[in-house]
Amino acid sequence: QVQLVESGGGLVQAGGSLRLSCAASGRALSNYAMGWFRRAPGKEREFVSAIGFSDTSTHYADSVKGRFAISRDNAKNTVYLQMNNLKPEDTATYYCTASLKGGLLLRLWAPDPNGYWGQGTQVTVSS
């Protein structure tokens, strides 16, 4: 079992920055590919970003490419999402996920049905 806890969300003006953290416990994070998804009110959950097991591969949705950066610190069992130049359309609840096999997450940018999820952290960007 892996427990994931997101933090770092909040209210920010357009153009501002936030850094989300996803702290894991229960298992070593180095064994998992990690990702971030988000869900805005009235919309489907969507892929945001993912990172491979050893931090050598990163993936981004087109909507956040160039503005967001995913990273991981396996020693701290934590994954981060640095979000810069935030836009009102980035407003959503952000969830981190851990995938043991990583295939769906890293190749198809899809949630792993056997993956673990955090409870989410709210990001609100005002215009």
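Every value quoted in this text rests on a predicted model; they were computed, and no experiment measured them. We number each residue from 1, following the sequence as shown.
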Between the side chain of [X] and the main-chain N/O of [Y], is any donor-acceptor distance below 3.5 Å?
X	Y	answer
T58	I51	no
N77	A24	yes
R72	L29	yes
T91	V125	yes
T121	G9	yes
D73	K76	yes
E46	F37	no

Over-ring placement of R45 relative to W109, 6.0 Å and 45° cut-offs:
no
Ring center gap for W36 and F68 short of 6.0 angstrom
no
Shared hydrophobic cluster, [X] / [Y] (ILVMFWY, side-chain heavy atoms < 4.5 Å):
X	Y	result
Y60	L20	yes
W117	L105	yes
Y95	V79	no
V48	L4	yes
V123	Y80	no

Is a salt bridge present between D90 and K87, judged by a nitrogen-to-oxygen distance below 4.0 Å?
no
salt_bridge(E44, R39) N-O dist < 4.0 Å
no
Between [X] and [Y], which heavy-atom pair has the shortest distance, and what is it?
X	Y	result
D112	S99	OD2-OG, 2.8 Å
S17	N84	OG-OD1, 3.0 Å
P88	A14	CD-CB, 4.1 Å

If you measure from [atom1] on [X] to [atom2] on [Y], what distance do you get to the nearest 0.5 Å?
X	Y	atom1	atom2	result
C22	L81	SG	CG	10.5 Å
S49	Q82	OG	CD	12.0 Å
R67	M83	CZ	CE	9.5 Å
E89	K43	CD	NZ	8.0 Å

Is it true that [Y] and [X] share a donor-acceptor pair across their side chains at a distance under 3.5 Å?
X	Y	value
Y94	R38	yes
S126	Q13	no
N74	S30	no

Given L106, which of M34, H59, K101 fulfils the side chain to side chain contact (heavy atoms under 4.5 Å, CB included) condition?
H59
